[in-house]
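Below, each value reflects all heavy atoms present in this structure, side chains not excepted, and no hydrogens, waters or symmetry copies. Everything numeric here is computed off the predicted structure, so don't read it as measured data.
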Amino acid sequence: MNSEHSEQRKLIIWASWEIKSIPELALLFSIPNAGKRTQQQAAWMIAEGLKSGVPDLFLPVMRYGKGGLFIEMKSEKGKLSENQIKWRDRLIVQGYEYALCRTAEEAMKNIKEYLR
């Protein structure tokens with residue numbers, strides 16, 4: 001079973017290869033909410049606006065009346081936390097597309113469909 005990290009990394013590598021044919025991929029970026037930090041680092045980042053539950057990736061490209069595509073990467077058995085569910089629901093209400101993806105291939109498919 002592949003980790004969220006390895007799948008997200010594969011997705012970012014794919015995006016870097018595909019920028020010539022899909023230039024919008026240059027705008028895809030990660031939101032570094034996960035990871036182990038010291039208490040001091042965590043407090044610093046929270047003071048700067050870090051929020052628990054924000055999706056892993058964002059593609060700020062408008063399509064079909066949507067303000068952009070947020071992607072949450074999860075492992076095969078990973079579950080959304082309560083905060084992730086709240087963020088998903090709030091983002092959808094605000095007019096964003098949201099995709100929960102368990103593999104890089106699933107994320108690629110969602111991005112291509114969104115940009116089509």
Can you name the salt bridge (charged side-chain N to carboxylate O under 4.0 Å, His left out) partners of E82, sequence neighbours left out?
-> K86
Sequence neighbours excluded - side chain to side chain donor-acceptor pair (under 3.5 Å) pairs with any residue from residues 4-13 = N2-E7, S3-S6, E7-K10
For the hydrophobic clusters of this structure (ILVMFWY residues joined by side-chain heavy atoms under 4.5 Å, transitively), does one cluster hold both L25 and L27?
-> yes
According to the salt bridge (Lys or Arg N to Asp or Glu O under 4.0 Å) rule, which pairs have a member within residues 99-112, sequence neighbours left out?
-> K109-E113
List the steps, then state whether side chain to side chain contact (heavy atoms under 4.5 Å, CB included) holds for I71 with N110.
-> CA-CA 9 Å; I71 299 171; N110 274 277; 5.7 Å; no
Report yes or no: do I22 and L28 belong to one cluster of Ile/Leu/Val/Met/Phe/Trp/Tyr joined by side chain heavy-atom distances under 4.5 Å?
-> yes
Parallel, tilted or perpendicular: ring planes of F70 versus F58, cut at 30 and 60 degrees | parallel
With sequence neighbours excluded, give me every side chain to side chain donor-acceptor pair (under 3.5 Å) pair touching residues 40-52.
-> T38-Q41, W44-E48, S52-N83
Pairs flagged by side chain to side chain donor-acceptor pair (under 3.5 Å) wherever residues 87-100 is involved - sequence neighbours left out | none
In the single-linkage hydrophobic clustering (I, L, V, M, F, W, Y; side-chain heavy atoms under 4.5 Å), do L11 and Y114 co-cluster?
-> yes
Minimum heavy-atom separation for C101 to A107, with atom names?
-> SG-CA, 3.5 Å
Single-linkage hydrophobic cluster, 4.5 Å side-chain cutoff, L80 and I92 together | yes
Would you give the length of the straight line joining atom CD1 of I111 to atom CE of M108, rounded to the nearest 0.5 angstrom?
-> 8.0 Å
Check: M73 main-chain N/O paired with D56 side-chain donor or acceptor under 3.5 Å | yes
Do L115 and V61 have side chains that get closer than 4.5 Å, going by heavy atoms?
-> yes
Cluster question for you: counting only ILVMFWY and a side-chain heavy-atom cut-off of under 4.5 Å, with indirect links fine, are L57 and I31 together?
-> no
Show me, pair by pair, the donor-acceptor contacts under 3.5 angstrom made by side chains of residues 12-19, not counting sequence neighbours?
{"residue": "S16", "atom": "OG", "partner": "I13", "partner atom": "O", "Å": "2.7"}
{"residue": "E18", "atom": "OE1", "partner": "S21", "partner atom": "OG", "Å": "3.0"}

Is it true that the side chains of Q84 and K79 contain a donor and an acceptor less than 3.5 Å apart?
-> no
